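To find a chain, count down the sequence lines: A is the first, B the second, and so on, and within it residues start at 1. What you see is a predicted model, and the numbers here were worked out from it, not measured in a lab.
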Protein chains: 2
Amino acid sequence: MAIRPAEQLIHKAAWLYYAHGLRQDEVASQLNISRASVAMYLRKARETGIVNISTSTQLFTDDVTARRLEDTFGLDAVWIAPENAYLADPSTDIAVLAASVFLELVKKGDRIGVAWGRTVYTIADIMSYADLQDVTVVQLCGNLGAPYSYRPDQCTMEIARRLNAKGLNFYAPLVLSTEELAQGLRAEPVIRDQLAGVADCDLALYSVGAVDADSHLVKCGALSPAEMEALRSQGAAGVIAGQIIDAKGEVLDCSYNRRVISAELASLRAIEKRLMVVQEDTKFEPLLAAVAGGLCTHLVIGAHMAERLLNHAGEAGKKAS
Amino acid sequence: MAIRPAEQLIHKAAWLYYAHGLRQDEVASQLNISRASVAMYLRKARETGIVNISTSTQLFTDDVTARRLEDTFGLDAVWIAPENAYLADPSTDIAVLAASVFLELVKKGDRIGVAWGRTVYTIADIMSYADLQDVTVVQLCGNLGAPYSYRPDQCTMEIARRLNAKGLNFYAPLVLSTEELAQGLRAEPVIRDQLAGVADCDLALYSVGAVDADSHLVKCGALSPAEMEALRSQGAAGVIAGQIIDAKGEVLDCSYNRRVISAELASLRAIEKRLMVVQEDTKFEPLLAAVAGGLCTHLVIGAHMAERLLNHAGEAGKKAS
DNA sequence: CACGGCTCTCGACAAAAGTCAAATCTGCCT
DNA sequence: AGGCAGATTTGACTTTTGTCGAGAGCCGTG
């Protein structure tokens, strides 16, 4: 990690510009280079996280709805992305917000568990760079061989890259064909250590998957549409880090789950800050299951989903009384 | 702390501009206001810490000299402001650097002890705003009645204001006329609690004062030039949070110190991160004393001072062998 | 040693952001 | 209701910044 001569220059330029508030041409004359170069250096500085521009996400927690959600579901913090006005694509909105929230939650020296999925990868993709050197990003579950760009290891690596952190991948398949093999693999020292290390994380980032034919588990061939359907009728309500959970947020007792290599839910629950991000409105039930199972403490969702959650809680309350 | 309607707008504008990367005119049309207003909002957002622009101070620790200082004096981290090229005023350079380092060291929920002096106030003055809501800034020592703008309470309040944090001043004089009175005042519940709370701080910010006629203690009338001179011959080497220390960094046994209301050195040493900033080259001996006494773990100084420290250590080493 | 291929740098132009005085709005007092 | 003081907003203008293609320097290779 020796600092290249150019990096030194970028650093100096960034310092003079952002910390001292000089103009670009002043910086240029200080460093005896052209202003155009300064502009380029500054862009690089922003891209590599030498300078950090972060905007408070407080606006999105201040919302009354967010507060009520925190109260009714016992969550530590909820962020709600306004559905309507802002940008063309509402789900991008959620991802942008989630990325900011994530960066706000990360601290130096943290160990971060990352699951996989389109949502997680989208977040990684738009997340700005930061310079947290002694952070470790660990992969929460095994890999799928599919050619998707949001494979578990990709998610982990991309986030590690953005944070300038260490990425700890693990190269085991997510699902094996027999329970015995899975058990054997889980006992392998390399794998065992990685899985044991999950509980030591300070922060986790994941989404929740739906139990339907569109699930990545189906798309990647881990389960057939028919199997998925069968699991659903057995009570499957969602997918967390590759594992099927029921409506109470517990691991569903089924062959599939026993063949999976992934962090145990108990380990996940041991992580202090569990950030769950849900983009799709269709993932209402999966989300409910995850929340019921105490699988998240911090939540980023869209306004519409927020409403549905509150309504649901209201009705459940009425029924109970 | 109800959010004024305008603040909401500022927040939204900042979000769209900095997080989503829209241009100002795009933001303007989104929010149905003129672009000029957006520009103004954004300035306010930066000023109030809704957006945070911070540049890594790593450049200044990467220095070989800084590393050697860390090693030879057993410090956690050292930052060295390059003396020559950068700006007109080298001591401003140090303060700018110190402010950035300080902001980098502060974490949410921290309790911060702040002493006083021109250096500390300069830092407070140029420090950019941040939005750390549950941070407490506590004053480390009593006040002086002088009309200086860098009175202890001013320093504390200004820093608290910049961080959007709670400021805990304490209104006792720094020096009393008799030891009995000081003892009595220290026993006062309000004062006692405040002093006891110092050891709970996570971070301290102070400089070190010189023992000469230019000292603020003299300028503010706490000591006469003659008394100062007398203390010097008794072994006074520096001033920390209003107290006189000897060359070993211990409290000097003298009447003055017994009449002072300030945090005990033991409490200061109990603080995990003790950030000391020294601007003036003349404060070489005071700094040595402070370092010897373990009163700082993190150090921000100029290049010239860094050299002197290293040379001194080198010579001391030679003499010893 | 000449030749591509490569990155880095610069000048000039276009785009974006900052600024200021005038206009408008707002609440409040008479 | 009128009018005044303060803050807020705006349009027009200036300054600053981003970008692009051209050119310069640098290396390994044929």
Side-chain angles (χ1 to χ4, degrees), chain A residues 1-56 59 62 85-88 96 100 126-130 161 164, chain B residues 1-56 59 62 85-88 96 126-129 161 164:
Chain A
M1 266 290 244
I3 286 185
R4 298 205 330 279
E7 194 141 333
Q8 190 83 349
L9 253 188
I10 294 177
H11 224 136
K12 280 191 186 176
W15 181 254
L16 291 173
Y17 186 74
Y18 285 106
H20 278 279
L22 301 191
R23 271 181 283 103
Q24 292 192 356
D25 50 353
E26 294 182 290
V27 175
S29 65
Q30 281 278 345
L31 300 174
N32 282 94
I33 49 178
S34 79
R35 204 190 50 70
S37 298
V38 173
M40 196 208 43
Y41 286 160
L42 292 180
R43 183 161 40 73
K44 277 197 178 165
R46 281 185 304 257
E47 279 171 2
T48 55
I50 287 174
V51 313
N52 247 58
I53 302 185
S54 64
T55 78
S56 154
L59 174 60
D62 271 353
Y86 285 178
L87 272 185
V96 170
S100 277
I126 56 156
M127 182 157 57
S128 61
Y129 289 77
R161 199 169 69 84
N164 201 357
Chain B
M1 262 296 241
I3 287 183
R4 299 204 329 279
E7 195 143 335
Q8 189 85 347
L9 254 188
I10 294 177
H11 223 136
K12 280 191 185 177
W15 181 254
L16 290 174
Y17 186 74
Y18 286 107
H20 278 281
L22 300 192
R23 273 183 281 100
Q24 292 194 353
D25 50 355
E26 294 182 289
V27 176
S29 64
Q30 280 279 346
L31 301 174
N32 282 95
I33 50 177
S34 80
R35 203 189 49 70
S37 297
V38 173
M40 197 208 44
Y41 286 160
L42 292 180
R43 184 159 39 74
K44 278 197 176 166
R46 282 186 302 259
E47 280 170 2
T48 55
I50 287 173
V51 312
N52 244 55
I53 302 184
S54 64
T55 77
S56 155
L59 174 59
D62 270 355
Y86 285 176
L87 271 186
V96 171
I126 55 156
M127 181 158 55
S128 60
Y129 289 77
R161 199 168 70 84
N164 202 356

Asker: Rounded to the nearest angstrom, tell me the gap between atom OH in A/Y41 and atom P in C/dC8.
Answerer: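 About 8 Å, once rounded to whole Å.
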
Asker: For the side chain of A/K44, starting at C-beta, report the closest nucleotide among C/dC8, C/dG18, C/dA12.
Answerer: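 Between C/dC8, C/dG18, C/dA12, the one nearest the side chain of A/K44 would be C/dC8.
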
Asker: May I have the distance from A/M40 (atom CE) to D/dC20 (atom C1'), rounded to whole angstrom?
Answerer: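 Interatomic distance, CE of A/M40 to C1' of D/dC20: 13 Å.
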
Asker: Measure the shortest side-chain to side-chain distance between A/Y41 and A/I33 over non-hydrogen atoms and say whether it is less than 4.5 angstrom.
Answerer: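 The answer is yes; the side chains approach within 4.5 Å.
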
Asker: Just N and O in the side chain of A/Q24: are any of them under 4.0 Å from OP1 or OP2 of D/dT15?
Answerer: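 No, no such contact exists.
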
Asker: State whether a side-chain donor-acceptor pair under 3.5 Å links A/R46 with A/Y129.
Answerer: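 No, A/Y129 and A/R46 have no side-chain donor paired with an acceptor closer than 3.5 Å.
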
Asker: Rounded to whole angstroms, how far apart are CD1 on A/I53 and P on C/dA17?
Answerer: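 Going from CD1 in A/I53 over to P in C/dA17 covers 12 Å.
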
Asker: Contact class for B/R35 (heavy atom, under 4.0 Å): base, sugar-phosphate, or nothing?
Answerer: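 Base, at least one base heavy atom under 4.0 Å.
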
Asker: For a side chain to side chain contact (heavy atoms under 4.5 Å, CB included) check, start with the C-alpha distance between A/L16 and A/L31, then their side-chain angles and the critical distance, and finish with the verdict.
Answerer: CA-CA 10 Å; A/L16 291 173; A/L31 300 174; 4.3 Å; yes

Asker: Side chain to side chain contact (heavy atoms under 4.5 Å, CB included), that's the test. Do B/W15 and A/V96 meet it? Break it down for me.
Answerer: CA-CA 10 Å; B/W15 181 254; A/V96 170; 3.9 Å; yes

Asker: Look at the side chain of B/H11 and the backbone N and O of A/S56, then say whether any donor-acceptor pair between them is shorter than 3.5 Å.
Answerer: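 Present.
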
Asker: Starting at CG of A/D25 and ending at P of C/dC10, how long is that distance when rounded to a whole Å?
Answerer: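 In whole Å, C/dC10 P and A/D25 CG are 14 Å from each other.
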
Asker: Identify which nucleotide among C/dA17, D/dT19, D/dT9 has an atom closest to any side-chain atom of B/Y17, counting heavy atoms from C-beta outward.
Answerer: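 That would be C/dA17.
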
Asker: Which nucleotide wins on minimum distance to the side chain of B/S37, given the candidates D/dT19, C/dT19, D/dT9?
Answerer: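 Closest nucleotide to the B/S37 side chain: D/dT9.
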
Asker: Using whole Å, what does the distance between atom C1' of nucleotide C/dA16 and atom CG of B/L22 come to?
Answerer: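 Distance check: B/L22 CG to C/dA16 C1' gives 14 Å.
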
Asker: Please tell me which of A/R23 and B/S34 maps to the more 5' nucleotide of DNA chain D, matching each residue to the nucleotide holding its nearest heavy atom.
Answerer: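 Closer to the 5' end of DNA chain D: B/S34.
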
Asker: Given atom CZ of B/R43 and atom C1' of D/dT9, what is their separation to the nearest angstrom?
Answerer: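 Result: 13 Å.
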
Asker: Among the candidates D/dT16, D/dT19, C/dC20, find the nucleotide nearest to the side-chain atoms of A/A39.
Answerer: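 Looking only at side-chain atoms, A/A39 lies closest to D/dT19.
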
Asker: Please work out if A/I33 contacts a base, only the sugar-phosphate, or nothing of the nucleic acid, heavy-atom cut-off 4.0 Å.
Answerer: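 Result for A/I33 = sugar-phosphate.
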
